[in-house]
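Let me begin by presenting the structure, written as structure tokens, before commenting on it.
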Amino acid sequence: MLKKLTLIMMMLLCSVVPIHGQKSYLTLGLQAQPLAMTKVKITGKIVKKNIKKASYYRLEKAKGKASYRLLAKLKKPSYIDCQVTKNTRYRYRLTAYYKGKKLSSADATAYTGVGKATFFEYQRSDTKFTPTSIELKGTVENGLTPQGYYVYRKKGKKYALLAHIKAASKAFRYVDKKVKGGQGYSYQFAGYRKEGKKTYIGPKSSAITMYACHAIGTFTS
């Protein structure tokens, strides 16, 4: 009985204490954040357990769908890439090594242009509906934060500029008060950034149609 208990205790200890010669591992996460149209910050995040510190890192880079090429060898998992062009999508891969042995790798993408515009769902509970105004809300994704926004409203068969909003934010909000009760209006919007004397406009949002009316669920005679 004593021998059986001793064996069970040894098995339990081995399950929590690393055994000599046990395979090391490292989990690596990666973030690629555009700081400007010509600068991307790459940051690796390490989650480690029962391993030795990585000796070095290999950072690889690819433009669009091209194959990866070595960008730099690093002692720490962070790097600022200034060899990028505007309005371009890049892929990065960071690989950690210990004495020439690969531990782990991670991938990330970055777009050096203004992010794609996207409307919030227009039937959100916090969106305002009145017969005299229409509230628009949206955001931009996968790119640089805009310095401002252009709002377009359909006039006939084409969209015309309705408003220019200066707001350095990922979030977008505009209230159109030039509406008539009961009528529907179609909108689009896009973010923009200025680099030097040139203005770069990001991809426009999909069109959305909204009506000047009372809130859903509210009855007015």
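For this chain, numbers begin at 1 and follow the sequence in order. We use all heavy atoms of the structure for the numbers below, so side chains are in, but hydrogens, waters and symmetry mates are not. Quick caveat, the model's predicted, so the values are computed rather than measured.
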Exercise for review: Check for a donor-acceptor pair, side chain of Tyr90 on one end and backbone N or O of Thr85 on the other, with a separation under 3.5 Å.
Suggested key: yes
Review point. Is a donor on one side and an acceptor on the other found under 3.5 Å between the side chain of Arg91 and the backbone of Gly64?
Key: yes
Review point. Is there a donor-acceptor pair closer than 3.5 Å between any side-chain N or O of Glu195 and the backbone N or O of Tyr200?
Key: no
Check your understanding: Would you call the rings of Phe172 and Tyr149 parallel, tilted or perpendicular if under 30° counts as parallel and over 60° as perpendicular?
Key -> tilted
Check your understanding: Sub-3.5 Å donor-acceptor pair from the side chain of Thr112 to the main-chain atoms of Thr88, do we have one?
Key -> yes
Review point. Stepwise, does the side-chain contact (heavy atoms from CB on, under 4.5 Å) test hold for Lys86 with Thr38?
Key: CA-CA 6 Å; Lys86 300 171 184 177; Thr38 55; 4.2 Å; yes
Review point. Do you see a donor-acceptor pair shorter than 3.5 Å between the side chains of Ser186 and Thr209?
Key: yes
Exercise for review: Given side-chain contact (heavy atoms from CB on, under 4.5 Å), test Arg153 with Ile134 step by step and report yes or no.
Suggested key: CA-CA 12 Å; Arg153 193 172 80 178; Ile134 292 174; over 6 Å; no
Check your understanding: For the residue pair Ala212 and Pro131, what are the closest heavy atoms and their distance?
Key -> CB-O, 3.7 Å
Study note, to complete from the structure: Residue pairs passing the salt bridge (charged side-chain N to carboxylate O under 4.0 Å, His left out) test with at least one member in residues 35-45, sequence neighbours excluded, are none
Point to revise | Residues in side chain to side chain donor-acceptor pair (under 3.5 Å) contact with Asn87, at least two apart in sequence or another chain | key: none
Check your understanding: Quick one: does Lys61's side chain have a donor or acceptor within less than 3.5 Å of a partner on Gln83's backbone?
Key -> yes
**Study point:** Verdict with supporting geometry, Tyr92 and Leu94, side-chain contact (heavy atoms from CB on, under 4.5 Å)
**Key:** CA-CA 7 Å; Tyr92 295 92; Leu94 185 68; over 6 Å; no
Practice item. Only counting residues at least two apart or in another chain, list the ones meeting ring pair (Phe, Tyr, Trp, His ring centres under 6.0 Å) with Phe119. Key: Phe189
Practice item. Ignoring hydrogens and angles, tell me if any N or O in the side chain of Gln188 forms a donor-acceptor pair with the backbone of Ser205 under 3.5 Å. Key: yes
Review point. Does OH belonging to Tyr211 count more than 12 external heavy atoms closer than 6.0 Å?
Key: no
Check your understanding: If every non-hydrogen atom of Leu144 is compared with every non-hydrogen atom of Met37, which pair is closest and at what distance?
Key -> CD1-CG, 3.6 Å
